[in-house]
Trainee: 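Below is the structure I would like to discuss, written out as structure tokens.
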Amino acid sequence: MISSVLVANRGEIACRVFRTCRELGLATVAVYSDADADARHVREADAAVRLPGAAPADTYLRGDLLIAAARAAGVDAVHPGYGFLSENAEFARAVRDAGLVWIGPPPEAVEAMASKTRAKRIMADAGVPLLAPVAPEAVTAADLPVLIKAAVGGGGRGMRVVRDLAALPGELASARAEAAAAFGDGEVFVEPYVVGGRHVEVQVLADAHGTVWTLGTRDCSLQRRHQKVVEEAPAPGLPDALVRALCGAAEAAVRAIGYVNAGTVEFLVAADGRPYFLEMNTRLQVEHPVTEAVYGVDLVALQLRIAEGAVLGGAPVAAGHAVEARLYAEDPGRGWAPQAGVVHRLAVGAEVSWGRRRGLRGGGPVLRLDSGYEDGDRVGVHYDPLLAKVVAWAPCREEAVRVLARALECARLHGPATNRDLLVRTLRHPEFVGGRMDTGFFDAHLAEVAAPPDGARLAALAAAVADAQGRHPFGAWRNVPSQPQVKTYRCAATSAEHTIRYHLTRRGLEVEGFSGVRVLDACRERVVLEIAGVRRVFEVAVYGAGAVYVDTSHAGSFVLAPLSRFPDPTVRSEPGSLLAPMPGTVVRLADGVAAGRSVRAGQPLLWLEAMKMEHRVVAPASGTLTALHAAPGRQVEVGELLAVVTETEEKTS
């Protein structure tokens, strides 16, 4: 029997595993990098062991340090979570060799699925349908579009969609470089890219006694940069025959490699309904909560029991529908750029354990929040920018989607920019509501769902009124006519500036330029406006001298930056300056890029790695690269000068 568990991971998944361990009476041990010394997962564990350094390669990817930490803490077992070394057969083997229980599949099964090319051969022999790879040198225009994929690893790293044959050599080189940097293996392969396909997966669970559960389907089609954003269970709209085929293929995959513990078999379902094997994830998935919600189980608890040698018994029965949205610290409107900074407030419903609250499944909706952050924590630059996973369960899909959208809309998210507005609009988009989404959803609809909410001018009014109340409480009016008070705010989502002018009078605070708007009540944290006869509440929060956060229940939330009436004239950048869009590390320069070379607008110059993703930085204009301040390995902060491009003057006749 296991009595104590070390989670060889961080953040949300470490907190998730600790929660189940506490419910089962198990002691918990965390590991942490220097960047995570004050992280939530460290605070929630019974004990913690430091991994010196900050970069993943020096900390969470060091199997020897993780095993040494387990020995030092005297634990019985190691849970790998997801990401990092969770699908590393050598690490799994080393854990077992150290006399510890590995809460995951056998190393041999991990090894069999570690290479996607080898996995495809095994699945072909097992009769599992799949897309045949295409030799890169044999790709023709008739084969397009094609997808380049890294042979090992995941998370969208080393993946490229190629629609132009001339671009194939460059994209192959780029994918190989990214895969080598991310996984230590630059092998890639090419396969047909299925346009309009759906990403559907099957949750599997197998014990060491021959029992295999296939816990239905999940749809994970909504992705950005090949990383999932919204997932749900069961996958909507699939014919029963297709569901049976997918579950049968998943079970065949499990038995073909002698798999034990939790895993996921992923498929691509083409528009014509034909399924193709993609890969098998030999670990717990990020989106596992939707399956837990529908089946009323705790997958982490089942992982622990299987690791102890338990028999699974009869499979549970599905009920209702669950949808999960991944809340990221990122800006979808600016190329999904990750964000860093202090999380002043993170409030999205209540945290619920599906296992403990299973009785609620027969009633109304249930909301769940899985997060590795609490108020006051900091989102750093070294790791994935996932803030939280928000999950809603309800008796039917329509209700689950509606509850989740509303919970996100009313959430209080103060700190780094997030994808919250995109999630709300996505969940309410007709294509999603109708269950007609595919992997190209964001390519087709990004402009719609990433658009900022309307109402920033009224939010600026609320911010100005709250500020006035803080400095001049109602009643502190002047009897002598005077110039209006002026406050200007810049909306973070649109960069638009809103100037508010108001007077403090005998009748209270009066504002200019807002016909049909009256201030009914106000304090520093709350402003009540009557707008065209309708009473609306605006909650206002300010942290130090920074941004102003205005939350509403009717028009979304807004982040406003107060502007000085006398801006600093020295704050400017030279024309053609290319500034770092985010904090990160320069991982490589494009071939041939050097000071003095000619460049064209949109040409890739370098790649920044931030929060487990690579971000391409391109030339802002055509001209000459007159200065280059970036070199591989250099750490940069947001706004730091990377290069200067002097534009080419157009000749006039």
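We count residues from 1, following the sequence as given. We use all heavy atoms of the structure for the numbers below, so side chains are in, but hydrogens, waters and symmetry mates are not.
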Trainee: Supply the atom-to-atom distance Asp384 CG to Ile13 CD1, rounded to the nearest 0.5 angstrom.
Mentor: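 With rounding to 0.5 Å, CG (Asp384) is 12.0 Å from CD1 (Ile13).
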
Trainee: With distance as the sole test, does Ser4 use its side chain to make a donor-acceptor pair with the main-chain N or O of Asp76 at under 3.5 Å?
Mentor: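 Yes, Ser4 side chain to Asp76 backbone: donor-acceptor pair under 3.5 Å.
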
Trainee: Tell me whether the count of non-hydrogen atoms from other residues, nucleotides or ligands lying under 6.0 Å of CG in Asp64 goes above 12.
Mentor: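 Yes, enclosed.
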
Trainee: Taking Ala39's backbone N and O only, do any of them form a donor-acceptor pair with Asp36's side chain (distance below 3.5 Å, no angle check)?
Mentor: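 Not confirmed, Asp36 side chain does not pair with Ala39 backbone.
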
Trainee: Could you verify whether a donor N or O on one side chain and an acceptor N or O on the other, from Asp551 and His414, lie under 3.5 Å apart?
Mentor: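 There is such a pair between these side chains.
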
Trainee: Check this for me: does any side-chain nitrogen of one of Arg406 and Glu409 sit under 4.0 Å from a carboxylate oxygen of the other?
Mentor: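 Looking at Glu409 together with Arg406, the answer is yes, because their closest N to O distance falls below 4.0 Å.
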
Trainee: With heavy-atom distances below 4.5 Å as the criterion, would you say the side chains of Gln285 and Glu231 are in contact?
Mentor: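 Side chain of Gln285 against side chain of Glu231, heavy atoms only: no contact under 4.5 Å found.
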
Trainee: Would you say the side-chain atoms of Arg305 pair up with the backbone N or O of Val311, donor to acceptor, closer than 3.5 Å?
Mentor: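 Looks like no, no N/O pair under 3.5 Å.
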
Trainee: What verdict does the side chain to side chain contact (heavy atoms under 4.5 Å, CB included) test give for Lys149 and Leu278, after you've listed the backbone C-alpha separation in whole Å, the side-chain angles of each residue and the deciding distance to 0.1 Å?
Mentor: CA-CA 11 Å; Lys149 297 181 72 173; Leu278 285 176; 4.0 Å; yes

Trainee: Does the cation-pi check pass for Arg224 over Tyr328, that is, NZ or CZ under 6.0 Å from the six-membered ring centre and within 45° of its axis?
Mentor: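 Arg224 over Tyr328 ring: yes.
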
Trainee: Sub-3.5 Å donor-acceptor pair from the side chain of Asp125 to the main-chain atoms of Ile122, do we have one?
Mentor: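 Not confirmed, Asp125 side chain does not pair with Ile122 backbone.
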
Trainee: Can you label the angle between the Tyr543 ring and the Tyr549 ring as parallel, tilted or perpendicular, going by 30° and 60°?
Mentor: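 Perpendicular: the ring planes of Tyr543 and Tyr549 meet at over 60°.
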
Trainee: With no hydrogens and no angle check, do the side chains of Gln635 and Thr585 hold a donor and an acceptor under 3.5 Å apart?
Mentor: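 There is such a pair (donor and acceptor under 3.5 Å, judged by atom type) between the side chains of Gln635 and Thr585.
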
Trainee: For Asp34 and Thr59, what are the C-alpha separation, side-chain angles and deciding distance, and is it a side chain to side chain contact (heavy atoms under 4.5 Å, CB included)?
Mentor: CA-CA 9 Å; Asp34 291 340; Thr59 54; over 6 Å; no

Trainee: Just do the side chain to side chain contact (heavy atoms under 4.5 Å, CB included) check on Ser557 and Leu413 with the steps written out, would you?
Mentor: CA-CA 9 Å; Ser557 298; Leu413 307 173; over 6 Å; no

Trainee: With a 4.0 Å cut-off, would you call Arg378 and Asp38 a salt bridge?
Mentor: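 Asp38 and Arg378: not salt-bridged.
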
Trainee: Verify, without hydrogens or angle tests, whether Ser33 (side chain) and Leu51 (backbone) share a donor-acceptor contact under 3.5 angstrom.
Mentor: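 Looks like no, no N/O pair under 3.5 Å.
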
Trainee: Is Arg283 reaching over with its side chain to a backbone N or O of Pro80, donor-acceptor style, under 3.5 angstrom?
Mentor: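 No; judged by distance alone, with no hydrogens or angles, the pair does not exist.
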
Trainee: Can you confirm whether Glu308 is buried at CD, in the sense that more than 12 heavy atoms of other residues, nucleotides or ligands lie under 6.0 Å from that atom?
Mentor: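 More than 12 within 6.0 Å, yes.
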
Trainee: Give a yes or no on whether the backbone of Gln339 and the side-chain of Asp331 come within a donor-acceptor separation of less than 3.5 Å.
Mentor: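 Side chain of Asp331 to backbone of Gln339: no pair is present.
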
Trainee: Side chain of Glu201, backbone of His199: donor and acceptor closer than 3.5 Å?
Mentor: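 Looks like no, no N/O pair under 3.5 Å.
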
Trainee: Give a yes or no on this: more than 12 heavy atoms of other residues, nucleotides or ligands lie within 6.0 Å of atom CG of Asp97.
Mentor: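 Correct, the count exceeds 12.
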
Trainee: With ring centroids as reference points, do Phe84 and Phe91 lie under 6.0 angstrom apart?
Mentor: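 Not under 6.0 Å, so no.
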
Trainee: Is Arg397 close enough and on-axis enough to Phe432, meaning under 6.0 Å and within 45°, for cation-pi?
Mentor: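 Yes.
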
Trainee: Does a side-chain N-to-carboxylate-O contact under 4.0 Å join Glu292 and Arg368?
Mentor: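 Yes, this pair counts.
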
Trainee: So, Thr20 and Arg16: side-chain donor and acceptor under 3.5 Å apart, yes or no?
Mentor: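 Short answer, yes.
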
Trainee: Walk me through whether Arg225 and Glu330 qualify under salt bridge (charged side-chain N to carboxylate O under 4.0 Å, His left out).
Mentor: CA-CA 13 Å; Arg225 291 186 168 182; Glu330 66 182 12; over 6 Å; no

Trainee: Checking side-chain hydrogen bond (donor to acceptor under 3.5 Å, both in side chains) against Glu287, which of Gln203, Arg326, Lys389 comes through?
Mentor: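 Checked Gln203, Arg326, Lys389 against Glu287; only one passes side-chain hydrogen bond (donor to acceptor under 3.5 Å, both in side chains): Arg326.
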
Trainee: For side chain to side chain contact (heavy atoms under 4.5 Å, CB included), just list the numbers for Met113 and Glu279, CA-CA rounded to whole Å, side-chain angles, deciding distance to a tenth of an Å, and then say yes or no.
Mentor: CA-CA 7 Å; Met113 295 292 102; Glu279 61 183 334; over 6 Å; no

Trainee: Verify, without hydrogens or angle tests, whether Asn261 (side chain) and Ala206 (backbone) share a donor-acceptor contact under 3.5 angstrom.
Mentor: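 No, because the side chain of Asn261 does not come within donor-acceptor range (under 3.5 Å) of the backbone of Ala206.
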
Trainee: State, with a plain yes or no, whether a side-chain heavy atom of Val254 is found less than 4.5 Å away from one of Met280.
Mentor: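 They are in contact (side-chain heavy atoms under 4.5 Å apart), so the answer is yes.
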
Trainee: Is it true that Arg218 and Thr264 share a donor-acceptor pair across their side chains at a distance under 3.5 Å?
Mentor: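 Side chains of Thr264 and Arg218: pair found under 3.5 Å.
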
Trainee: How about Ile2 and Leu24: do any of their side-chain heavy atoms sit closer than 4.5 Å?
Mentor: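 No. Closest side-chain heavy atoms not under 4.5 Å.
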
Trainee: Side chains of Thr28 and Val5: does their closest heavy-atom pair fall under 4.5 Å?
Mentor: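 No - every pair of side-chain heavy atoms lies 4.5 Å or more apart.
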
